[in-house]
Structures are given as structure tokens and as C-alpha cells.
Protein chains: 2
Amino acid sequence: MKYTVITGASSGIGYETALAFASRGKNLIIVARRKDELEKLKQEIEQINPNLEVVIRTTDLSVSKNVYELYEDLKNYQIETWINNAGFGNFASVADQNLNKIESMLHVNIEALTIFSSLYARDYSKVEGTQLINVSSAGGYRILESSVTYCATKFYVSAFTEGLAQELKAQGANMQAKVLAPASTETEFAKRAFDLNDFSLEGVVPKYHTAKEMAEFMLELYDSEKVLGIVNGSTYEFELKDPIFPYAAIKRS
Amino acid sequence: MKYTVITGASSGIGYETALAFASRGKNLIIVARRKDELEKLKQEIEQINPNLEVVIRTTDLSVSKNVYELYEDLKNYQIETWINNAGFGNFASVADQNLNKIESMLHVNIEALTIFSSLYARDYSKVEGTQLINVSSAGGYRILESSVTYCATKFYVSAFTEGLAQELKAQGANMQAKVLAPASTETEFAKRAFDLNDFSLEGVVPKYHTAKEMAEFMLELYDSEKVLGIVNGSTYEFELKDPIFPYAAIKRS
């Protein structure tokens with residue numbers, strides 16, 4: 001029995017991605033801090049397809065010990081797809097930013113993603129049909145004012161994942177690594193970035209996608225042979241692309 | 001009395017940069033883990049100019065508590081320039097990399113640099129003549145095979161620092177933020193990246209700079225109004241440039 005792991009599945013793009021993969025008949029391992037939300041998601045999935053297995057794991061990925069423990073805990077599952085979706089933003093100038101929140105952001109957006117990606121590539125890169133999908137952001141290709149540190153974490157995710165994708169291809173590995181780069185999406189993301197209890201994108205950004213639309217783009221990326229699925233910053237259309245950042249292979253004599 | 005802080009000053013570009021700033025008559029706060037090397041550097045500086053103050057601080061920047069403690073400990077010094085030079089690389093595929101080393105690398109290359117940059121900008125952005133210089137890499141603009149995670153940390157540094165530079169300009173701040181992006185340099189860097197005791201770039205890369213040359217480039221960047229000093233990957237010439245990554249200001253109505 002094969003499973004799809006989705007981190008940050010308690011809301012937003014992660015939640016909708018779980019539903020989208022369930023509609024494809026995929027068994028799921030859903031990960032987040034909030035148990036109630038994962039239970040609700042599990043119930044929704046059971047309504048879509050009662051034959052699917054849904055495994056719930058609650059943990060805080062800002063602590064690296066938890067990251068290793070979760071991976072170890074999933075050793076007995078056969079993991080077909082691993083989606084590192086957990087992550088959050090922060091809206092403040094660098095000089096004004098709350099460094100406790102920034103450290104948590106670095107741990108979740110960068111460190112947890114790197115540990116999971118490395119361990120998953122180590123164990124599964126030779127397994128046919130496996131995919132690692134890391135969720136970056138349009139801000140991982142273009143720096144946004146007052147979100148500089150968040151964007152820098154997403155530049156890391158984009159470069160790391162594009163580089164891994166190229167490395168896997170050069171090795172003739174079976175695993176594909178891919179980057180999803182959403183732009184503004186109607187989720188709890190903005191609420192957390194702005195430290196607000198209530199927030200709507202309506203009227204704040206010219207255009208945005210719903211989490212459900214982004215989950216559809218996730219499936220498009222999953223089905224394609226391309227490395228990058230990105231929301232165009234001008235047209236807001238979803239585009240499947242080859243890697244954007246320059247990449248240099250080592251010259252072999 | 002004003003000071004220039006240089007992290008990772010015990011060898012390589014950091015060591016030579018300390019000598020270069022001493023030749024400009026700058027008092028120094030030199031930071032690294034190895035006390036003996038810093039004492040040696042201090043003696044060398046005293047020979048260049050016995051009137052300079054040289055403050056030694058030994059600490060391990062892979063532990064974030066140490067980062068905050070060091071910054072707090074320097075509160076009584078007036079810091080004119082802060083150079084985040086500490087950092088190291090790793091040469092391995094993502095699937096094969098040693099995750100303990102990778103975690104330390106993330107902490108030094110990304111987390112310590114972010115904490116120092118944020119605190120320094122918070123306290124000094126309105127002080128005339130102040131500069132923050134973060135050492136990235138040519139690999140912070142182009143991903144190199146088998147150094148994917150290292151390059152991703154340097155993409156972070158480049159995006160973070162370019163973004164901060166733009167943010168400071170938009171705020172009309174007095175502080176300038178700059179990125180130095182060296183390519184292959186003859187230092188202990190390769191030794192640590194390859195986990196070797198002895199290593200020379202001779203014959204391994206087509207061309208490289210000495211640490212002393214890179215310290216001269218550091219001074220050129222320090223003297224210029226440009227944000228980026230980068231070694232051209234083809235010609236190996238040093239170029240002063242405007243930011244490379246796209247940047248989007250928030251539209252204000």
C-alpha cells in the first residue's frame with residue numbers, strides 16, 4: 001500500500017491538496033500541529049472515498065528533533081509522494097521583525113524541508129514513480145518588499161529543489177523533485193504573516209487564487225514532467241516550466 | 001571609537017579582510033571559534049598599526065543562543081561596519097549528505113547571519129556611514145552540482161541581503177547593505193566542504209583567487225555605492241553591480 005505525505009495539511013493549500021490526492025485514490029499521511037483540523041480532514045476524505053487509508057500525525061516541525069522522529073515513525077509506510085507544504089510567512093521590515101517568529105520560520109520553511117527532502121531522496125530516489133514536491137512561492141523567484149526574510153527562505157526552497165531535481169536527473173534516479181510556486185492564495189497564510197486574527201485578501205491584492213485552485217495546480221504539476229509550477233506574477237496564470245535558476249554541472253574529463 | 005565586526009575571522013577571506021580593514025585604520029572585533037588563530041591575527045594587526053584596538057570574541061555561531069549573547073555582549077561598542085563572513089560549504093549529493101553537518105551549515109550560513117543582520121539594522125540603520133556586508137558566493141546566484149544545499153543557503157543570503165539593501169534605500173536609511181559573492185578562493189573552505197585534511201584548488205578548478213585578493217574586492221565593495229560585488233563565473237573578474245534578483249515594491253495608492 002502506497003501513501004502520499006502532506007505536511008501543513010490542517011488548512012489552506014495543504015488541506016485542499018489532501019482532498020485532491022484523495023480524489024485520485026491516494027492513501028494519505030497528513031501532518032500538522034492541530035489534531036482537530038486533521039480529524040475533520042480525515043472525515044471529509046472518508047466521504048470522498050471510504051476505502052482510503054488516512055494516517056494522522058501531529059507534530060511541530062519548527063523543532064528539528066520532531067522532524068527526525070516523524071520521518072523515523074513513518075519508516076514502515078511505503079511513500080509514493082512527499083509534499084513539503086508546511087511553512088509560513090512574516091510581514092515586516094528586516095529591522096522590525098520578531099526574531100522568535102523568524103527563527104521558527106527558518107526552521108519550518110528551510111530546515112524541516114531540507115531534512116525531509118534529504119531523507120526521502122536517500123531512501124526512495126531509486127523507486128519508480130516517486131515524487132518530492134516542495135512548496136515555494138512566487139516570492140521564491142522575486143523579492144517582495146516587507147517580506148524580505150520570508151522570500152529569502154523561499155529562494156532557498158526554489159534553489160534547493162531545482163538543484164535536487166537536476167541532480168536526480170543527472171544520476172538517472174527514478175524520483176522526480178518539483179517546486180510549486182503559488183502567488184497570493186486565500187488561506188490562513190496572510191493572517192499568520194500579518195499576525196492578525198482576521199484578514200481577507202479581498203481588496204488587498206489585485207488577484208488571488210483559492211486554495212482549491214492551487215491544489216488543482218498541484219495535481220497538474222504532479223502529472224507533468226516539468227520541474228516548476230509557478231503562478232505568473234502579472235497574468236496570475238499557472239505555468240509549468242523548466243528550472244529557472246542557472247545550474248552548472250561539474251566538468252568531468 | 002568605531003569598530004568593524006568580522007565573523008569567521010580565523011582564516012581565509014575573514015582573516016585577510018581583517019588585515020585589509022586594519023590597513024585602513026579600522027578598529028576591529030574579530031569573531032571565530034578558534035582563539036589561537038584570532039590571537040595570531042591580533043598580533044599581525046598590531047604590527048600593521050599598533051594604535052588599533054582589536055577585540056577578540058570566540059564563539060560557535062551554529063548555536064543561536066551564542067549569536068544573541070555575542071550581539072548583546074557588543075552592545076557597548078559603536079559598530080561602523082558588520083561583516084557576516086562566517087560560513088561553510090558541503091560537497092555531496094542531497095541524498096548522501098551528512099545531516100548533522102547540514103544543520104550546522106543552515107545555522108551558521110542562514111540563521112546567525114539573519115539574526116545579526118536584523119539586530120544590526122534595528123540598532124544602526126539611522127547611523128550615517130554604517131554598512132552591513134554579507135558574504136554570499138557565486139553559488140548564491142548559480143546552483144552548482146553536488147553543492148546544492150550549500151548553494152541554496154547562499155541563494156538565501158543573496159536574496160535576503162539584496163532585499164534588505166532595497167528596503168533600507170526605500171526607507172531613506174543611512175545604513176547600506178551589500179553582498180560579496182566570491183567564487184573559488186584558496187582558503188580552508190574546500191577542505192571543510194570536502195571533509196578532507198589537506199586540499200588544494202590547484203588543478204581542481206580552472207581559476208581561483210587568493211583570500212588576499214578577495215579581501216581587496218571586499219574593500220572595493222566597501223568603497224562603492226553598489227549593492228553587489230561578484231566574481232564573474234566565466235572571466236573570474238570582480239564586478240560591482242546593482243541587485244540581480246527581481247524586486248517588487250508594494251503598490252501604494
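Numbers restart at 1 for each chain; the letters A, B, ... are given by sequence-line order, proteins then strands.
With ring centers used as reference points, B/Tyr71 lies under 6.0 Å from B/Trp82.
Residue with the most contacts toward chain A among B/His107, B/Gln171, B/Lys154: B/His107 (heavy-atom pairs, distance under 4.5 Å). Contacts with chain A were tallied for B/Ala95, B/Ala173, B/Cys151, B/Gly140; B/Ala95 has the most, counting heavy-atom pairs under 4.5 Å. Between chain B and the options A/Ala170, A/Ser117, A/Ala152, A/Ser93, the largest number of non-hydrogen pairs under 4.5 Å is found for A/Ala152. The most heavy-atom pairs under 4.5 Å with chain A, out of B/Pro246, B/Ser64, B/Ala121, come from B/Pro246. Comparing B/Thr149, B/Thr153, B/Leu144 by heavy-atom pairs within less than 4.5 Å of chain A, the highest count is held by B/Thr149. Interface summary for chain A: among B/Glu103, B/Gln166, B/Gln97, the most heavy-atom pairs under 4.5 angstrom belong to B/Glu103.
The side chain to side chain contact (heavy atoms under 4.5 Å, CB included) test with B/Val5 singles out one residue from B/Asn85, B/Ile79, B/Leu70, and that residue is B/Ile79.
Heavy-atom distances place both the backbone and the side chain of B/Leu164 under 4.5 Å from chain A. Proximity to chain A (any heavy atom under 4.5 Å) is shown, for B/Leu168, by neither the backbone nor the side chain. Interface remark: A/Tyr141 contributes backbone atoms only to the contact with chain B (heavy atom separation under 4.5 Å). Of the atoms belonging to B/Tyr150, not a single heavy atom falls under 4.5 Å from chain A. When heavy atoms are compared at a cutoff of 4.5 Å, B/Ser125 does not approach chain A at all. With a 4.5 angstrom heavy-atom cutoff, B/Glu167 touches chain A only via side-chain atoms.
No side-chain heavy atom of A/Asp242 sits less than 4.5 Å from a side-chain heavy atom of A/Val227. Counting only heavy atoms from C-beta outward, the side chains of B/Leu132 and B/Asn84 approach each other to under 4.5 Å.
With 3.5 Å as the limit, one finds no donor-acceptor pair spanning the side chains of B/Lys126 and B/Asn174.
With respect to B/Arg122 and A/Asp96, no salt bridge is recorded, no charged nitrogen being found less than 4.0 Å from a carboxylate O.
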Stepwise side-chain hydrogen bond (donor to acceptor under 3.5 Å, both in side chains) check, A/Thr130 with A/Glu80: CA-CA 5 Å; A/Thr130 54; A/Glu80 186 181 32; over 6 Å; no

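Smallest separation of non-hydrogen atoms from A/His209 and A/Glu213: CA-OE1, 3.2 Å.
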